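Hydrogens, waters and symmetry mates are skipped; everything else that's a heavy atom, side chains included, is used. What you see is a predicted model, and the numbers here were worked out from it, not measured in a lab.
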Amino acid sequence: QVPPGRCSLFDPAFSAQEAAALGELGLRLLPDNEEGKHGVEGSATLFYMVHCGKALYNNLLWRNWSAGALSKMVIIGNSFKGIEERLLSRILERDYSYIAKVLKGTEEVALPTHPRYLDTFNDTSVHWFPLQKLKELSPEVWDFVEEPMYQDCDDLEIIRKEDRADGRSPAATES
């Protein structure tokens with residue numbers, strides 16, 4: 001069992017009441033919007049990222065872009081295979097290159113669907129990155145470590161650091 005104090009949470013949409021309740025439960029709230037760029041820092045880490053935007057997964061992979069770090073991660077979230085199937089390969093490689101590059105180094109198992117909630121968690125999988133599979137990827141895969149920027153991305157599903165928790169940019173808010 002993982003002690004609550006070792007569980008870190010962040011959602012830019014947490015209200016003050018939600019944050020207080022989670023704190024009362026002993027859970028650690030990350031103070032800043034990392035945009036998914038959270039490092040495992042050498043520890044085995046489970047990321048529960050159900051229904052997150054592709055950029056969050058891509059950012060998480062970028063931040064931990066080494067065989068050693070990735071092999072310590074497990075992600076419960078949207079299916080990477082599903083992302084690959086639904087996106088044109090040129091878009092996947094341009095906008096979400098870290099997802100594209102790690103696909104061959106990923107093991108993925110879909111969670112069973114519940115007959116009552118077919119449309120809710122129908123695309124949820126458990127992902128892990130076996131060290132041996134990661135080592136079999138070409139050396140060029142590991143060479144490119146440029147931070148994702150998403151300038152050309154049409155459907156960015158992420159609340160950026162500079163955006164407010166309500167999803168509106170500060171420039172769009174009223175004075």
*Kindly determine whether F129 and I75 satisfy side-chain contact (heavy atoms from CB on, under 4.5 Å), including the steps that lead there.*
CA-CA 9 Å; F129 311 92; I75 300 172; 4.0 Å; yes
*Could you walk me through whether W62 and F144 pass the side-chain contact (heavy atoms from CB on, under 4.5 Å) check?*
CA-CA 10 Å; W62 166 77; F144 183 79; over 6 Å; no
*Is there a side-chain contact (heavy atoms from CB on, under 4.5 Å) between K101 and L137 once you walk through the steps?*
CA-CA 9 Å; K101 291 189 291 189; L137 298 177; over 6 Å; no
_Does E18 form a side-chain contact (heavy atoms from CB on, under 4.5 Å) with L9? I'd like the steps, not just the answer._
CA-CA 11 Å; E18 290 167 325; L9 304 166; over 6 Å; no
*Please step through side chain to side chain donor-acceptor pair (under 3.5 Å) for the pair N59 and Y150, ending with a clear verdict.*
CA-CA 11 Å; N59 287 349; Y150 309 107; 2.6 Å; yes
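Considering only heavy atoms from C-beta on, I99 stays 4.5 Å or farther from T106 through its side chain. Side-chain contact between W142 and L134 is present, with at least one heavy-atom pair separated by less than 4.5 Å. Put simply, the side chain of K54 does not reach to within 4.5 Å of the side chain of D95, judged on heavy atoms. F47 places a side-chain heavy atom less than 4.5 Å from the side chain of L60.
Residues L131 and W128 do not share a hydrophobic cluster, defined by chaining ILVMFWY side chains whose heavy atoms lie under 4.5 Å apart. Linking ILVMFWY side-chain heavy atoms closer than 4.5 Å, directly or via other members, places M149 and I91 in two distinct hydrophobic clusters.
Within a 6.0 Å radius of NZ in K72, other residues, nucleotides and ligands contribute 12 heavy atoms or fewer. Enclosure of atom CZ in R94 by more than 12 non-hydrogen atoms of other residues, nucleotides or ligands within 6.0 angstrom is indicated. Summarising the local packing, CD of E147 is surrounded by more than 12 heavy atoms from other residues, nucleotides or ligands at distances under 6.0 Å.
For W65 against V145, the heavy-atom pair with the smallest separation is CD1-CG1, 3.6 Å. Annotation for A110 and S125: closest pair CA-OG, 3.5 Å, computed over non-hydrogen atoms. For A69 against S66, the heavy-atom pair with the smallest separation is N-OG, 3.1 Å. N64 and L70 make their closest contact through O-CG, 3.3 Å (heavy atoms, listed as atom of the first residue, atom of the second, distance). When all heavy atoms of A100 and E93 are compared, the pair lying nearest together is CB-CG, 4.1 Å.
Inspection of the S138 and E140 side chains reveals an N or O donor paired with an N or O acceptor under 3.5 Å.
Atoms CG and CZ, from L103 and F80 in turn, are 7.5 Å apart once rounded to the nearest 0.5 Å. We find the CG-CZ distance between L29 and F14 to be 6.5 Å, quoted to the nearest 0.5 Å.
H38 pairs by the ring pair (Phe, Tyr, Trp, His ring centres under 6.0 Å) definition with nothing, not counting sequence neighbours.
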